[in-house]
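To start, the structure itself, in structure tokens.
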Amino acid sequence: MEKMESVDAFITKYPKDIQVILQKIRAIVREVVPDVQEVIAYGIPTFKLNGKNLVHFSAFDSHIGFYPTPSGIEAFKEELAIYKSAKGSVQFPLNKTIPYALIKKMIIFRTEELTRKK
């Protein structure tokens, strides 16, 4: 697996249709948190706020992986019940509509959570 140097480099390695989805998620993060720091951590795009991981995302053959940490999954467990998820991650199938409004709500939740803990 090649080491990615930037979020842009990560996104551009995918087909155009997947790039559109990843750029939309990125834009939502930046809309909610304009001063968010973008890095590559764990080999995937990671957004940091106050030095802490806010959310991560990635793309796979059949889904978009979104990682709002365990608290983000727990806070939205009812809305996420229709998706495959784990302790800190959720899979949004590529053959279904990506729930951008839900992603935004999770980013807002995580932002408020990290701001409160500051």
Side-chain angles (χ1 to χ4, degrees):
M1 188 164 133
E2 69 182 283
K3 184 176 186 312
M4 289 292 132
E5 297 297 324
S6 70
V7 174
D8 285 324
F10 182 91
I11 290 172
T12 59
K13 75 178 187 174
Y14 289 95
K16 292 288 184 200
D17 58 332
I18 303 302
Q19 288 182 37
V20 169
I21 295 167
L22 297 176
Q23 289 288 13
K24 174 79 173 170
I25 295 170
R26 182 187 198 185
I28 293 168
V29 175
R30 295 178 76 108
E31 174 191 335
V32 174
V33 190
D35 57 344
V36 72
Q37 180 189 13
E38 292 185 346
V39 299
I40 297 292
Y42 311 105
I44 61 174
T46 300
F47 299 87
K48 291 181 170 268
L49 179 63
N50 301 326
K52 305 275 187 192
N53 291 340
L54 179 69
V55 295
H56 317 266
F57 67 73
S58 193
F60 299 90
D61 289 340
S62 63
H63 69 275
I64 296 296
F66 187 70
Y67 310 90
T69 74
S71 62
I73 296 296
E74 181 62 28
F76 296 91
K77 66 182 176 185
E78 288 181 21
E79 291 169 273
L80 294 172
I82 61 172
Y83 302 103
K84 184 175 181 182
S85 63
K87 185 176 178 182
S89 65
V90 60
Q91 295 180 8
F92 297 122
L94 291 171
N95 64 352
K96 306 273 188 209
T97 301
I98 302 297
Y100 295 113
L102 176 57
I103 290 170
K104 184 174 183 176
K105 285 170 44 176
M106 288 190 283
I107 294 165
I108 291 168
F109 171 83
R110 287 288 297 136
T111 300
E112 290 172 350
E113 185 176 47
L114 289 180
T115 303
R116 276 195 315 269
K117 288 182 178 179
K118 188 176 175 186

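Computed from a predicted model, the values in this text were never measured in an experiment.
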Does NZ or CZ of Lys105 lie under 6.0 Å from the centre of the six-membered ring of Phe76, at an angle within 45° of the ring axis?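 Here Lys105 fails the 6.0 Å and 45° test against Phe76.
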Closest approach of Ser71 to Phe109 (non-hydrogen atoms, all atoms of both residues):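 Distance-wise, the nearest heavy atoms are O-CE2, 3.6 Å.
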Looking at every non-hydrogen atom in both residues, tell me the closest pair between Pro68 and Ser89 and how far apart they are.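 Here Pro68 and Ser89 meet closest at CD-CA, 4.5 Å.
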Point-to-point distance, once rounded to the nearest 0.5 Å, from [atom1] of [X] to [atom2] of [Y]:
| X | Y | atom1 | atom2 | result |
| --- | --- | --- | --- | --- |
| Leu102 | Ile107 | CG | CD1 | 10.0 Å |
| Lys52 | Thr46 | NZ | OG1 | 15.0 Å |
| Leu54 | Thr111 | CG | OG1 | 4.5 Å |
| Glu113 | Thr115 | CD | OG1 | 10.0 Å |
| Ile98 | Lys96 | CD1 | NZ | 11.5 Å |

Kindly list each side-chain donor-acceptor pair under 3.5 angstrom involving residues 58-67, sequence neighbours excluded, with atom names and distances?
none

State whether the side chain of Arg110 and the backbone N or O of Asn53 hold a donor-acceptor pair below 3.5 Å, judged by distance alone.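 Present.
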Out of Tyr14, Phe47, Tyr42, which residue meets the ring pair (Phe, Tyr, Trp, His ring centres under 6.0 Å) rule with Phe57?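 Per the ring pair (Phe, Tyr, Trp, His ring centres under 6.0 Å) rule, the option paired with Phe57 is Phe47, out of Tyr14, Phe47, Tyr42.
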Apply the test side-chain contact (heavy atoms from CB on, under 4.5 Å) to residues Ile103 and Lys24: give CA-CA distance (whole Å), side-chain angles for both, the deciding distance (0.1 Å), then the verdict. CA-CA 10 Å; Ile103 290 170; Lys24 174 79 173 170; over 6 Å; no
Could you go through residues 25-39 and list every donor-acceptor pair under 3.5 Å that involves a side-chain atom there, pairing it with any protein atom two or more places apart or in another chain?
unit_1 : atom_1 : unit_2 : atom_2 : d
Arg26  : NE     : Glu38  : OE1    : 3.4
Arg26  : NE     : Glu38  : OE2    : 2.8
Arg26  : NH1    : Asp8   : OD1    : 2.6
Arg26  : NH1    : Gln23  : OE1    : 3.3
Arg26  : NH2    : Asp8   : OD1    : 3.2
Arg26  : NH2    : Glu38  : OE1    : 2.7
Arg30  : NH1    : Glu38  : OE2    : 2.8
Glu31  : OE2    : Lys104 : NZ     : 2.5

In one Ile/Leu/Val/Met/Phe/Trp/Tyr side-chain cluster, 4.5 Å: Phe92, Tyr100: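 Linked, Phe92 and Tyr100 end up in one cluster.
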Tell me, with the steps shown, if Ile40 and Val7 meet side-chain contact (heavy atoms from CB on, under 4.5 Å). CA-CA 6 Å; Ile40 297 292; Val7 174; 4.2 Å; yes
Are Leu94 and Ile21 close enough, and set up right, to give a side-chain contact (heavy atoms from CB on, under 4.5 Å), and what steps lead you there? CA-CA 9 Å; Leu94 291 171; Ile21 295 167; 3.8 Å; yes
